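Sequential numbering from 1 along the given sequence is applied to the chain's residues. Because the structure is a prediction, the values reported are computed rather than measured. Just so you know, these numbers use all the heavy atoms, side chains as well, and skip hydrogens, waters and symmetry mates.
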Amino acid sequence: MKIKLVDIHTHLIPDVDDGSFSIEESIAMVETMINDGITDVIATPHVQSMATTKSVAEQRTGFLYLKDAIAKSGLDINLYLGFEVRYVPHLRPDYEELTLNNSKYILMEFSNSTDHDLVNVFFNLRGLGLTPVIAHIERYSYMTLEYAEQLKKLGAIIQVNANSIIKPRSKHIKKLVNAMLKNEVIDIIASDMHNLRQRPNNLKKAYMHLKNKVSKEYLDELFYSNGKKIIENK
């Protein structure tokens, strides 16, 4: 049976951040995704990040350009727009305009080393009617299994990168990811794809890595159904 995957965290839009640098590279990236069985993908350019190079308005224009190029290339994939919003304590962007596919879900990135009290940030976002999806939670040095469980109980969606499943970059990440998988704390695994070289799409590899290590139901939630819920705003 052919694998069907959903990817909610990618940097496909050309020349708006540290992701794709050209429309040709973006098209090639999409082709690899289709070959791996990805049917739905959200492009999530960086906002309020050191990696951001273009305004949100320019990112929206770039998305339309990419979507048109994909259609003209005859590539069969569903493409949606979202954003990866870096939390900066002194900035107050219009969060409602930065959600995933105009849904109630917002992909939030936090400092790798400084805990900005995610619980308080979460409550503020909930007050706006939003549900935070915590981007690559395993990267945060202050994160623990108990902290992740607390955030999940408060309604946050926990996202982990595919590379952290296949080849964790540190012992901390490996230990945390294994603990979160064992306790089924992770909600979604996404690629966080930036290019075809250093940060390619490894979603299918992560799927195959976990295929015989977690239940079939949980595997589907991690790689497909929970992502579809976000796209469909359920």
Side-chain angles (χ1 to χ4, degrees), residues 1-13 19 26 29-30 32-47 56 59-60 62-64 66-71 75-85 93-109 122 125-137 148 151-162 165 180 184-193 201-204 206-207 210 214-234:
M1 185 176 70
K2 186 177 180 180
I3 298 172
K4 291 176 66 176
L5 307 170
V6 169
D7 199 347
I8 69 155
H9 184 175
T10 68
H11 297 272
L12 291 172
I13 303 173
S26 297
M29 290 163 70
V30 170
T32 67
M33 300 177 107
I34 293 172
N35 289 337
D36 279 355
I38 295 173
T39 60
D40 300 79
V41 58
I42 306 179
T44 53
H46 287 286
V47 174
V56 170
Q59 290 172 345
R60 290 185 186 277
F63 169 75
L64 295 176
L66 173 60
K67 194 167 185 177
D68 183 62
I70 289 173
L75 298 175
D76 185 18
I77 196 167
N78 299 313
L79 181 66
Y80 310 92
L81 177 62
F83 301 91
E84 180 181 7
V85 185
D94 190 352
Y95 287 113
E96 295 98 324
E97 296 298 317
L98 299 171
T99 62
L100 298 171
N101 193 34
N102 295 314
S103 68
K104 65 184 178 182
Y105 299 96
I106 183 166
L107 183 65
M108 296 293 300
E109 178 184 30
F122 169 78
L125 290 170
R126 290 293 282 176
L128 296 173
L130 301 174
T131 299
V133 179
I134 304 176
H136 39 62
I137 195 171
L151 296 168
K152 185 180 174 84
K153 287 177 181 177
L154 292 172
I157 305 297
I158 309 298
Q159 184 256 303
V160 164
N161 280 3
I165 299 294
M180 288 193 295
E184 298 193 357
V185 175
I186 303 170
D187 296 295
I188 293 175
I189 295 172
S191 73
D192 194 8
M193 184 186 199
N201 186 298
N202 286 325
L203 204 56
K204 183 179 179 180
Y207 178 96
L210 293 179
V214 301
S215 70
K216 183 178 178 181
E217 293 75 17
Y218 189 37
L219 193 70
D220 177 73
E221 291 176 2
L222 290 172
F223 291 93
Y224 188 78
S225 62
N226 283 344
K228 284 290 270 189
K229 288 178 183 177
I230 286 176
I231 290 170
E232 295 171 359
N233 199 24
K234 293 184 176 179

**Student:** Can you check side chain to side chain contact (heavy atoms under 4.5 Å, CB included) on Thr10 and Met29, steps first, answer last?
**Tutor:** CA-CA 10 Å; Thr10 68; Met29 290 163 70; over 6 Å; no

**Student:** Who passes side chain to side chain donor-acceptor pair (under 3.5 Å) against Thr131, sequence neighbours left out?
**Tutor:**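 Only Arg126 meet the side chain to side chain donor-acceptor pair (under 3.5 Å) criterion with Thr131.
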
**Student:** Taking Gln59 for its side chain and His46 for its backbone only, find out whether a donor-acceptor pair lies under 3.5 Å.
**Tutor:**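 Yes, the answer is positive, given that a donor and an acceptor are paired below the 3.5 Å cut-off.
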
**Student:** Who pairs with Asp36 by side-chain contact (heavy atoms from CB on, under 4.5 Å), at least two apart in sequence or on another chain?
**Tutor:**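 Asp36 satisfies side-chain contact (heavy atoms from CB on, under 4.5 Å) with Asn201, Lys204 once adjacent residues are dropped.
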
**Student:** With the side chain counted from C-beta on, respond yes when Tyr105 and Thr99 share a heavy-atom pair under 4.5 Å apart, and no when they do not.
**Tutor:**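 Sidechains of Thr99 and Tyr105: no contact.
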
**Student:** Can you find a side-chain donor-acceptor pair between Glu109 and His9 that sits under 3.5 Å?
**Tutor:**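 No, because no side-chain N or O of Glu109 sits under 3.5 Å from a partner of the opposite role on His9.
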
**Student:** Are any side-chain N or O atoms of Ser26 and backbone N or O atoms of Leu12, one a donor and one an acceptor, separated by less than 3.5 Å?
**Tutor:**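 Checked: pair present.
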
**Student:** At what distance, to the nearest 0.5 angstrom, does OG of Ser215 lie from CD of Glu184?
**Tutor:**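 One gets 5.5 Å once the value is rounded to the nearest 0.5 Å.
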
**Student:** For Glu97 and Val56: C-alpha separation, side-chain torsions, deciding distance, then whether side chain to side chain contact (heavy atoms under 4.5 Å, CB included) applies.
**Tutor:** CA-CA 10 Å; Glu97 296 298 317; Val56 170; over 6 Å; no

**Student:** Under the side-chain contact (heavy atoms from CB on, under 4.5 Å) rule, collect the residues that match up with Asn101, sequence neighbours excluded.
**Tutor:**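 Result, side-chain contact (heavy atoms from CB on, under 4.5 Å) vs Asn101: Tyr80, Ile231.
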
**Student:** Without swapping roles, check the side chain of Asn202 against the backbone of Ala162 for a donor-acceptor pair under 3.5 Å.
**Tutor:**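 No, Asn202 side chain to Ala162 backbone: no donor-acceptor pair under 3.5 Å.
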
**Student:** Partners of Asp192 by salt bridge (charged side-chain N to carboxylate O under 4.0 Å, His left out), sequence neighbours excluded?
**Tutor:**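 Only Arg139, Arg199 meet the salt bridge (charged side-chain N to carboxylate O under 4.0 Å, His left out) criterion with Asp192.
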
**Student:** So, Asp187 side chain and Ile158 main chain: donor-acceptor pair closer than 3.5 Å or not?
**Tutor:**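 Checked: pair present.
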
**Student:** Would you name the heavy atoms of Gly227 and Ile8 that are closest together and state the gap between them?
**Tutor:**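 For Gly227 and Ile8, the tightest heavy-atom pair comes out as CA-CG2, 3.9 Å.
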
**Student:** Closest approach of Phe122 and Ala156, non-hydrogen atoms and distance?
**Tutor:**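 Closest approach of Phe122 to Ala156, heavy atoms only: CE1-N, 3.6 Å.
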
**Student:** Can you find a pair of side-chain heavy atoms, one from Val47 and one from Pro93, that are under 4.5 Å apart?
**Tutor:**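 Contact flag for Val47/Pro93 side chains = no.
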
**Student:** Tell me, please, which residues at least two apart from Lys228 pass side-chain contact (heavy atoms from CB on, under 4.5 Å).
**Tutor:**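 For Lys228 the side-chain contact (heavy atoms from CB on, under 4.5 Å) partners, ignoring immediate neighbours, are Val6, Asp40, Tyr224, Glu232.
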
**Student:** Quick check on Asp76: does its CG atom have over 12 non-hydrogen neighbours (other residues, nucleotides or ligands) under 6.0 Å away?
**Tutor:**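 Atom CG in Asp76 is not crowded, with 12 or fewer foreign heavy atoms closer than 6.0 Å.
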
**Student:** Out of curiosity, Ile137 CD1 to Ile157 CD1, how far, rounded to the nearest 0.5 Å?
**Tutor:**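 If I round to the nearest 0.5 Å, the distance is 11.0 Å.
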
**Student:** Just verifying a value: how many Å separate Glu84 CD and Ile42 CD1, rounded to the nearest 0.5 Å?
**Tutor:**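 Glu84 CD to Ile42 CD1: 12.0 Å, rounded to 0.5 Å.
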
**Student:** Hey, what do you get for CD1 (Ile230) to CD1 (Ile106), rounding to the nearest 0.5 Å?
**Tutor:**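 CD1 of Ile106 is found 12.0 Å from CD1 of Ile230.
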
**Student:** Taking Gln159 for its side chain and Ile189 for its backbone only, find out whether a donor-acceptor pair lies under 3.5 Å.
**Tutor:**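 Answer holds: no.
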
**Student:** Which atom names give the shortest non-hydrogen contact between Val85 and Tyr95, and what distance separates them?
**Tutor:**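 Where Val85 meets Tyr95 most closely, the heavy atoms are CG1-CE2, 4.0 Å.
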
**Student:** To the nearest 0.5 Å, tell me how far Leu64 CG sits from Leu79 CG.
**Tutor:**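 Reported to 0.5 Å precision, the distance equals 10.0 Å.
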
**Student:** Minimum heavy-atom separation for Val185 and Tyr218, please, with both atom names.
**Tutor:**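 Heavy-atom minimum between the residues: N-OH, 3.8 Å.
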
**Student:** Do Ile13 and Leu81 come close enough that some side-chain heavy atom pair is under 4.5 Å?
**Tutor:**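 Side chain of Ile13 against side chain of Leu81, heavy atoms only: contact under 4.5 Å found.
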
**Student:** Supply the atom-to-atom distance Leu210 CG to Ile165 CD1, rounded to the nearest 0.5 angstrom.
**Tutor:**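 So the gap between those two atoms works out to 5.0 Å.
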
**Student:** Among residues at least two apart in sequence or on other chains, which ones pass ring pair (Phe, Tyr, Trp, His ring centres under 6.0 Å) with Phe223?
**Tutor:**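 Phe223: ring pair (Phe, Tyr, Trp, His ring centres under 6.0 Å) contacts with Tyr207.
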
